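Everything on this sheet refers to the single structure shown next.
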Amino acid sequence: MTTLAQLRKTALSYPETVEQATDSGSVVFTVGEKPFASMGKDKLVELRLPASDVEDVLAAHPSAEALGRGGVRVPIGDINGQQLNHWVRLAWLSQAPEGLAARVAAGGSARPGEVGDLPKGIGGPATRALVGGGITSLRQVADLSDAELLAMHGVGPKAVRILREALGRR
């Protein structure tokens, strides 16, 4: 079952995301001061999405409902983790400042071994996560803690180990 913890991890894996708690108990995730995802005590996830993506969510989730201000609301229990990750990404991309969104979108096509001096062995998901976060070299990786790397959606313990080994060989 998908939880607030997964929503939080996914949302915070995108650069410049800020988490805020409201007086009503909702958790709101923003980028550039624009909300892109939230969840209230009612366990309904709200995502700010373009109209075409709203239609896709509504088609995939019968319990979802369109929001008048451009977005969708869906019970978190009705959406699996992979779907949540996908929709949160699209919501973030639709609300992020243009240059930042372009950088993260470019990370989606990054291939292992073809970006700076990042080792091929970290795999596709980690490569895309790093590039999406603006990290294209081991020098930049060296400035991050293991916890910061692991907080990026797609970077797991194996990728961190390979990155640290590559840094140790330098």
Side-chain angles (χ1 to χ4, degrees), residues 1-112 114-115 118 122-136 148-156 159:
M1 183 168 150
T2 308
T3 64
L4 173 61
Q6 182 164 1
L7 173 62
R8 177 177 285 119
K9 181 177 180 181
T10 301
L12 293 175
S13 73
Y14 293 101
E16 299 184 25
T17 296
V18 175
E19 178 179 352
Q20 302 168 325
T22 67
D23 292 339
S24 65
S26 293
V27 177
V28 180
F29 299 95
T30 61
V31 59
E33 298 185 17
K34 294 169 76 175
F36 66 92
S38 64
M39 189 169 98
K41 288 182 179 179
D42 55 8
K43 301 210 184 285
L44 294 174
V45 176
E46 289 189 12
L47 301 167
R48 300 285 173 92
L49 293 164
S52 60
D53 292 327
V54 168
E55 291 173 19
D56 291 344
V57 174
L58 294 173
H61 303 285
S63 59
E65 62 181 284
L67 299 173
R69 59 188 178 277
V72 66
R73 179 183 298 136
V74 61
I76 196 158
D78 293 353
I79 187 168
N80 71 40
Q82 188 174 16
Q83 293 167 326
L84 179 70
N85 294 344
H86 173 73
W87 299 124
V88 168
R89 176 181 170 80
L90 294 179
W92 185 92
L93 287 169
S94 74
Q95 299 301 311
E98 191 174 317
L100 183 60
R103 188 180 82 208
V104 169
S109 61
R111 294 168 37 153
E114 296 181 4
V115 178
L118 297 177
I122 64 172
T127 300
R128 289 187 294 275
L130 291 169
V131 172
I135 299 159
T136 59
E148 289 170 314
L149 289 167
L150 290 167
M152 296 179 171
H153 182 74
V155 178

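In this text the structure is predicted, and so the values were computed from the model without any measurement.
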Using a 4.5 Å cut-off on heavy atoms from C-beta on, say whether the side chain of Val155 contacts that of Ile122. no

Without placing hydrogens or testing angles, list every side-chain donor-acceptor pair under 3.5 Å for residues 97-107, not counting sequence neighbours.
none

How far apart are the closest heavy atoms of [X] and [Y], and which atoms are they?
X	Y	value
Asn80	Thr2	C-OG1, 3.3 Å
Pro112	Thr127	CA-OG1, 3.6 Å
Ala126	Ala159	CB-CB, 3.7 Å

Those residues at least two apart in sequence (or on a different chain) that pass side chain to side chain donor-acceptor pair (under 3.5 Å) with His153 are Asn85

Contacts of Leu12 meeting side-chain contact (heavy atoms from CB on, under 4.5 Å) (sequence neighbours excluded), chain-then-number -> Arg8, Thr17, Glu19, Phe29

Kindly write out the residues that satisfy side-chain contact (heavy atoms from CB on, under 4.5 Å) with Thr30, not counting sequence neighbours, or none if the list is empty. Val18, Gln20, Val28, Pro35

Quick one: pull up [atom1] in [X] and [atom2] in [Y] and give me the separation to the nearest 0.5 Å.
X	Y	atom1	atom2	value
Leu7	Met39	CG	CE	6.5 Å
Lys41	Thr22	NZ	OG1	8.5 Å
Ile76	Gln6	CD1	CD	7.5 Å
Thr10	Gln82	OG1	CD	11.0 Å

List in chain and number order the residues that pass ring-ring contact (aromatic ring centres under 6.0 Å, His included) with Tyr14, two or more places apart in sequence or in another chain; answer none if no residue qualifies. Trp92

Listing request: all salt bridge (Lys or Arg N to Asp or Glu O under 4.0 Å) pairs with a residue in residues 65-75, at least two apart in sequence or in separate chains. Glu46-Arg69, Glu46-Arg73, Glu65-Arg73

Within a radius of less than 6.0 Å around CD of Glu114, do more than 12 heavy atoms belonging to other residues, nucleotides or ligands occur? yes

For residues 47-64, which side-chain N or O atoms pair as donor and acceptor with protein atoms under 3.5 Å away, sequence neighbours left out?
from  : atom 1 : to    : atom 2 : distance (Å)
His61 : ND1    : Asp78 : O      : 3.3
Ser63 : OG     : Asp78 : OD2    : 2.5

